[in-house]
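These notes concern the structure reproduced below.
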Amino acid sequence: MVHEFPIQTAQQLSIHLRSLRRRLALTQAELGTRLGVAQARVGKIERNPGSISVEQLLQLLTALESELLVRAKATKARATATRKPVW
């Protein structure tokens, strides 16, 4: 079963990282061992996920048997637009 969690704030990410760890029945120390960091670092990341790089976030999600999925929000304007995106 696939679960998706829309995240728009660091606070929401914090809640979901902790939830993902608990779903795997891992302590912060056990997750730290998987990542090669101390338990205190895992606690800091869970409290303030904005303190890590994208690379570290991806490593953390891998250790939590999860992945990052980026998706544009569906809007009425976007659904009817025919223009190509400008980069």
Output for pair (Leu60 CG, Gln56 CD), nearest 0.5 Å, gives 9.5 Å

Expected list for residues 62-69: side-chain donor-acceptor pairs under 3.5 angstrom, two or more places apart:
unit_1	atom_1	unit_2	atom_2	d
Thr62	OG1	Leu58	O	3.0
Ser66	OG	Leu64	O	3.1

Output the distance between atom CZ (Arg18) and atom CD (Gln28), rounded to the nearest 0.5 Å.
-> 7.5 Å

With sequence neighbours left out, which residue pairs that include part of residues 53-76 fulfil the ring-ring contact (aromatic ring centres under 6.0 Å, His included) condition?
-> none

Should Leu26 and Val37 be counted in the same cluster of Ile, Leu, Val, Met, Phe, Trp and Tyr side chains packed under 4.5 Å apart?
-> yes

Side-chain donor-acceptor contacts of residues 5-12 below 3.5 Å, not counting sequence neighbours, with atom names and distances?
unit_1	atom_1	unit_2	atom_2	d
Thr9	OG1	Gln12	N	3.1
Gln12	OE1	Gln8	N	2.6
Gln12	OE1	Thr9	N	3.1

Minimum side-chain heavy-atom gap Ile52-Arg41 below 4.5 Å | yes

Those residues at least two apart in sequence (or on a different chain) that pass side-chain hydrogen bond (donor to acceptor under 3.5 Å, both in side chains) with Arg21 are Glu46

Gap between atom CG of Leu20 and atom CD1 of Ile15 - 0.5 Å precision = 12.0 Å

Gap separating the CG atom of Leu13 from the NE2 atom of His16, nearest 0.5 angstrom | 8.5 Å

Excluding sequence neighbours, so at least two apart, what forms side-chain contact (heavy atoms from CB on, under 4.5 Å) with Thr27?
-> Ala29, Glu30

Cluster overlap Ile45 with Leu57, hydrophobic side-chain contacts below 4.5 Å = yes

Under the salt bridge (Lys or Arg N to Asp or Glu O under 4.0 Å) rule, collect the residues that match up with Arg22, sequence neighbours excluded.
-> none

Can you check whether Ser19's main-chain N or O pairs, donor with acceptor, with Arg23's side chain at less than 3.5 Å?
-> no

